[in-house]
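I'd like to ask some things about the structure below.
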Number of protein chains: 2
Amino acid sequence: MTSAVGEKSAKPKYLQIADDLEQDIRTGVLAPAADVPSETTLMDRYKVSSGTVRKAIAELRALGLVETHHGKGSTVKSRPPVTRKSSDRFRRSHRKAGKAAYLAETEQAGVKADVRVLSVGPVAAPAEIAKRLAVKEGAKVLARRRLYFSDGTPTEEATSYLPWDVARDIPELFEHNPGGGGIYARLEEHGRELAEFTETVRARLATKQEVSALSLSPGSPVIHLTRNAVTTEGRVVEVCDTVMAADQFVLDYRIPATD
Amino acid sequence: MTSAVGEKSAKPKYLQIADDLEQDIRTGVLAPAADVPSETTLMDRYKVSSGTVRKAIAELRALGLVETHHGKGSTVKSRPPVTRKSSDRFRRSHRKAGKAAYLAETEQAGVKADVRVLSVGPVAAPAEIAKRLAVKEGAKVLARRRLYFSDGTPTEEATSYLPWDVARDIPELFEHNPGGGGIYARLEEHGRELAEFTETVRARLATKQEVSALSLSPGSPVIHLTRNAVTTEGRVVEVCDTVMAADQFVLDYRIPATD
DNA sequence: CAGTGGTCTAGACCACAGT
DNA sequence: CTGTGGTCTAGACCACTGC
C-alpha cells in the first residue's frame, strides 16, 4: 500500500497529499517541467474526492513548486538561475564602455538578456513619483516603460520617470533605444553629472496586472524597487520604478561603515 | 437588491464576493480590526454555498487584507506603519552612543521595539554561512538567535554567526544582552574595526517554520537578508541571517556613483 | 452550549487544450 | 471528441472559541 492517507493522523489529507508530491519534486522523482499526475489520477490513487486533490495542488502552487494550466494540467516549475544585481552596476566606467546597467550584470551571469520598450512618452506624474522628483502631482514627466527578459521569460517590468525640463533637451530619451550606456550616459553627456543613487526595496505579493505582465502564478512574491538618480547638485533627475519576479533576483549592496 | 452576484457575468462568484468585500475594506466600510461578516452570514447574503464563500475569504487572505482565526472569524488587518531600515543604521556614532542598530531606526519610526534572545551558543556552521565566514562547513561558530517585535507583534527573526576564534575572546557575546551598541560595538572594542557591511537581499514565500515563528498567514512573502560584517583587514567577523515579514519593512540603500 | 471556521464528499456543469 | 482543470452545490462532521 503506497498511499496511506487519512489514517487518524493529525494532518489533513490535502496536506499529506501535498507533502507527498513535494517530496517527489524535491527528490527528483518529479523532475522540473514534468507533469504532475492529473486530478483524476490523484483522486483514484488516494481515494479522495476532487476538492481534496485540488486543495493539495493549490498548496503546491502557493509554495511556488508547480504551475497549473487550464485544460493541460500542472507541471513542476523549473528553477532558472538567478540574476544578480550587484550594487556596482552603476559604475560610470560601464556606461563609458557603452553598456547599460542591466547588460553589465546579466552578461556576467551567463543569461541571455532582452529588453522590450513598451512605451515612451509624457504622462502625468503619479503621487509617489512626483514627490521624489520634486514636481507637482500630475505634472508632465517623461515615462519610459520597458519589460526585461532573461532567457526569453519576462522577469522585470521597469518604468523610468524624468522631469520634463530635463528630458526635453535630450532627444535620445524619446527614442526606443536611448543609445550605448543607457539613459544615465545620456544624462551625463548633457551636464547632469550623477552623484549617487538611492534604492528603496519592498517585497509583496504580485498584483493581478503583474501576474499577467510577468506571467507569474497568482500569489507569487515580487520585489518592488524604486531608485532615485541624484546629480552632484542634489537634484533627482530620474526615478525608476521596478517590479521583479522575486525568484529571479538577488540584490547585493555594500554599506561602508561610516562614522 | 444590494447583492447582485452570478448574473451571467464573466467573473466567478467567489471573486465578485471577494471584490465586494475588498471595496468595503478599502473604502473604510469595514474598518481595520473590524470583523468580516461570518461565513453563514455571507452564504445567506449572496445565496451561495459555503465553499464559495470560503474561496472568497481565502482570496482576501492571499491579498493580505484579512486574517482568519479558527472559531472566532476573520478580521480586517490593520496596516501598521512600516519600519524603515535606513542604510545609515550602522553608523559608528550610533554605536558609540550606546544604541544598537535596530533601536537606532525603530525609535525614530515611533514604534515600540522589543527583542527576545532565543538562544546563544556554539553551533555547526551551515554551508552558506561557513562560506561567508571562510571556515569549514560544520566548524564550530557562535550563533545568536533572536526575535524582534514591533508593537508586540513578531516581525523579524535574526541569527548572527561569528567565527569561534573571534567570539571566544569577547565574553559579552555569550550573554543574552551584549551591552550598549550591540555586538558590533563589542567587536570594535576588541580590535575588530569594521570597514563595511555587505547585504544580500532576497524575497520569497515564508516557509512553514517562518509562518509560525512570525505568526504570518501561509503564503505570505518574507524578505531574506544576509549581511556580512567586514573588518578593515578584510575579514568577515560576523554573518547575520535575517528573515522579515515583507509587509513590515522597507529597505533603503545609498549607492555612490563611483567610476 | 451555540457559533465560528476547517475539512471533506460526491456529485454537477462549464471552459479550455489537443486529437 | 476526450481529458484536463475551474467553479459550484448542499450537505456532513470535526475543532476551536467564548459564554
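Chain naming here is simple, since letters A, B, ... match the order of the sequence lines and numbering starts at 1 in each. Since the model is a prediction, treat every value here as computed from it, not as a measurement.
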Contact state string [nucleotides 11-19 of chain C, B base, S sugar-phosphate only, - no protein heavy atom under 4.0 Å] = B---BBSS-

Integer-rounded Å distance: C/dT4 C1' and B/Asp35 CG |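 Nearest whole value for this atom pair: 11 Å.
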
Could you state the OH-C1' distance from B/Tyr46 to D/dT7, rounded to the nearest angstrom?
->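 So the two atoms are 18 Å apart, to the nearest Å.
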
Is a side-chain donor-acceptor pair under 3.5 Å present for A/Arg204 with B/Ser220?
->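 The answer is no; no qualifying pair exists.
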
Nearest atoms (heavy-atom pairs only) where A/Leu142 meets A/Phe174 = CD1-CE2, 3.8 Å

Would you kindly give the NZ-to-P distance between B/Lys47 and D/dT9, to the nearest whole Å?
->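 To the nearest whole Å, that distance equals 12 Å.
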
Whole-Å distance separating the CG atom of B/Leu42 from the P atom of C/dG3 | 17 Å

Note: B/His176 and B/Val117 closest approach over all heavy atoms is O-CG2, 3.3 Å

So, is A/Thr52 near the phosphate of C/dT9, with a side-chain N or O under 4.0 Å from OP1 or OP2?
-> yes

For A/Thr242, enumerate each residue passing the side-chain contact (heavy atoms from CB on, under 4.5 Å) test, keeping only those at least two apart in sequence or located in another chain.
->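 A/Thr242 satisfies side-chain contact (heavy atoms from CB on, under 4.5 Å) with A/Glu156, A/Ala158, A/Leu225, A/Cys240, A/Met244 only.
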
Without swapping roles, check the side chain of B/Arg144 against the backbone of B/Leu173 for a donor-acceptor pair under 3.5 Å.
->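 It does hold such a pair.
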
Between A/Ala31 and A/Val76, which heavy-atom pair has the shortest distance, and what is it?
-> O-CB, 3.4 Å

Distance check: side-chain N/O of B/Lys55 vs OP1/OP2 of D/dC8, anything under 4.0 Å?
-> no

For the residue pair B/Val239 and B/Thr226, establish whether any side-chain heavy-atom pair is separated by less than 4.5 Å.
->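 Yes, at least one pair of side-chain atoms sits under 4.5 Å.
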
The residue, A/Leu15 or B/Thr68, whose nearest nucleotide of DNA chain C is more 5′ is B/Thr68

Heavy-atom pair with the smallest gap, counting every atom of B/Arg202 and B/Glu128 = NH2-OE2, 3.7 Å

Where B/Thr68 and B/Ser74 come nearest, the two heavy atoms and their spacing = OG1-OG, 2.8 Å

When Watson-Crick pairs (N1 to N3 and N6-O4 or O6-N4) and G-U wobble pairs (N1-O2 and O6-N3) count only below 3.5 Å on both distances, what is the dot-bracket string of DNA chain C, with | for other-strand pairs?
-> ||||||||||||||||||.

Check the distance between D/dG6's P and A/His69's NE2 and give it to me in whole angstrom.
-> 10 Å

D/dC8 phosphate, OP1 or OP2: any side-chain N/O from B/Ser49 under 4.0 angstrom?
->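 Checking D/dC8 against B/Ser49, no side-chain N or O comes under 4.0 Å of OP1 or OP2.
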
Round to a whole Å and report the spacing from CD1 of B/Ile57 to P of C/dG5.
->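 Taking atom P of C/dG5 as the reference, CD1 of B/Ile57 is at 7 Å.
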
What is the distance, rounded to the nearest whole Å, between atom CG of B/Asp44 and atom C1' of D/dA10?
-> 14 Å

Taking CD from B/Glu59 and C1' from D/dG6, how many angstroms apart are they, rounded to a whole number?
-> 13 Å

Would you please confirm or rule out a distance under 4.0 Å between OP1 or OP2 of D/dC8 and any side-chain N or O of B/Tyr14?
->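 Answer is no, no contact under 4.0 Å.
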
Can a side chain N or O of A/Arg54 be found less than 4.0 Å away from OP1 or OP2 on D/dG6?
-> yes

